[in-house]
Amino acid sequence: MYRILEKWMSEKNLWQYCRRHMADRGILMRIENAFYKGVPDVNFLIGGIEGWLELKFLKTFPKKENTPVKIPHFTQEQKLWHKERWENHGLTAMLLQVNDYYFLFVSDKIALVGHLSKRGLINNATKCWRNRINFEEFIDILCHKKQ
């Protein structure tokens with residue numbers, strides 16, 4: 001079964017998964033910005049709330065339990081973009097998929113990504129799901145209805 005799951009795992013498929021489950025709730029727009037590398041992957045407008053969502057994907061966790069889960073493609077420009085938006089009351093979030101775990105980090109918690117072990121991700125994420133995202137919860141958290 002893992003081989004079947006592995007075939008479907010990628011950042012592109014994470015985007016398709018989110019879009020499939022959220023498209024009827026508002027506007028989701030995939031952003032590709034060649035001029036500034038820090039802009040997140042997705043702009044959303046749901047129930048009058050607009051914000052930004054960074055999508056990240058890793059196939060597996062590190063072999064050692066205490067090893068930080070590094071995100072090689074989480075750039076300094078992206079970290080700065082999120083930090084500046086959060087400091088200026090912008091709505092910004094990151095959804096990180098590692099294997100069958102989904103971690104949502106909102107606002108200042110995004111700065112923790114790349115420094116935490118698997119256990120740290122589970123304990124410090126704004127929300128963590130295993131196997132599938134509860135999109136009702138996901139949207140409530142994104143739109144600051146429930147945290």
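- Under the salt bridge (charged side-chain N to carboxylate O under 4.0 Å, His left out) criterion, Lys118 pairs with no residue at all, not counting sequence neighbours.
- Under the side chain to side chain contact (heavy atoms under 4.5 Å, CB included) criterion, Lys70 pairs with Pro68, sequence neighbours left out.
- Qualifying side chain to side chain donor-acceptor pair (under 3.5 Å) partners for Asn43, counting only residues two or more places apart in sequence or in other chains: Glu50.
- Using a distance-only test at 3.5 Å, with no hydrogens or angles considered, no donor-acceptor pair links the side chain of Lys127 to the main chain of Glu137.
- Remark: Thr67 engages no residue in a side chain to side chain donor-acceptor pair (under 3.5 Å) (not counting sequence neighbours).
- No side-chain heavy atom of Leu104 sits under 4.5 Å from any side-chain heavy atom of Cys128.
- Nearest heavy atom pair, residue Leu116 against residue Leu121, reads CB-N, 3.8 Å.
- Shortest non-hydrogen contact noted between Ala125 and Phe105 is CA-CE2, 3.5 Å.
- In plain terms, the two heavy atoms of Cys18 and Leu95 that are nearest each other are SG-CD2, 3.5 Å.
- Judged as a salt bridge (charged side-chain N to carboxylate O under 4.0 Å, His left out), and not counting sequence neighbours, Arg132 has no contacts.
- Contact check for Ile139 versus Cys143: side-chain heavy atoms found under the 4.5 Å cut-off.
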As a quick check of understanding, evaluate side-chain contact (heavy atoms from CB on, under 4.5 Å) for Thr126 and Ile141, giving each step before the final call.
CA-CA 8 Å; Thr126 305; Ile141 293 167; 3.7 Å; yes
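- Evaluation of the side chain to side chain contact (heavy atoms under 4.5 Å, CB included) rule for Trp81 yields Tyr36, Val39, Pro40, Trp52, Arg85, Thr92 as partners, not counting sequence neighbours.
- The cationic atom of Lys56 (NZ for Lys, CZ for Arg) does not lie both less than 6.0 Å from the six-membered ring centre of Phe74 and within 45° of the ring axis.
- With hydrogens and angles disregarded, a donor-acceptor distance shorter than 3.5 Å links the side chain of Gln97 to the backbone of Asn99.
- Residues passing the side chain to side chain donor-acceptor pair (under 3.5 Å) test with Gln16: none are found, sequence neighbours excluded.
- Inter-residue side-chain proximity for Trp86 and Ile110 is flagged as unmet; no heavy-atom pair is nearer than 4.5 Å.
- Taking Ile, Leu, Val, Met, Phe, Trp and Tyr as members and joining any whose side-chain heavy atoms lie under 4.5 Å apart, directly or through other members, the hydrophobic cluster of Ile27 also contains Leu45.
- The shortest distance between side-chain heavy atoms of His144 and Val106 falls below 4.5 Å.
- Nearest heavy-atom pair, Leu28 versus Ala23, reported as atom, atom and distance to 0.1 Å: CD1-N, 4.1 Å.
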Apply side-chain contact (heavy atoms from CB on, under 4.5 Å) to residues Met29 and Val42 and explain how you reach the verdict.
CA-CA 5 Å; Met29 182 179 293; Val42 179; over 6 Å; no
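- To the nearest 0.5 Å, atom CD1 of residue Ile71 and atom NE2 of residue His115 are 10.5 Å apart.
- Applying the side-chain hydrogen bond (donor to acceptor under 3.5 Å, both in side chains) rule to pairs touching residues 17-27 yields Arg25-Glu136, sequence neighbours excluded.
- When the side chain to side chain donor-acceptor pair (under 3.5 Å) test is applied to Lys83, the partners found at least two apart in sequence or on another chain are Glu87.
- Side-chain atoms of Ile122 and Tyr101, non-hydrogen and from C-beta on, do get closer than 4.5 Å to each other.
- Not counting sequence neighbours, the partners of Arg30 by the side chain to side chain contact (heavy atoms under 4.5 Å, CB included) test are Glu11, Trp15, Glu32, Asp41, Leu55.
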Output, in order, the C-alpha distance, side-chain angles, deciding distance and verdict of ring pair (Phe, Tyr, Trp, His ring centres under 6.0 Å) for Tyr102 and Phe138.
CA-CA 11 Å; Tyr102 298 90; Phe138 183 73; 9.2 Å; no
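- In this structure, Lys109 has no salt bridge (charged side-chain N to carboxylate O under 4.0 Å, His left out) partners at least two apart in sequence or on a different chain.
- With rounding to the nearest 0.5 Å, the separation of OG in Ser107 from NE2 in His89 is 10.5 Å.
- A 4.5 Å side-chain heavy-atom check between Leu58 and Val69 finds at least one atom pair inside the cut-off.
- With a 4.5 Å cut-off on side-chain heavy atoms, Leu91 and Phe44 count as touching.
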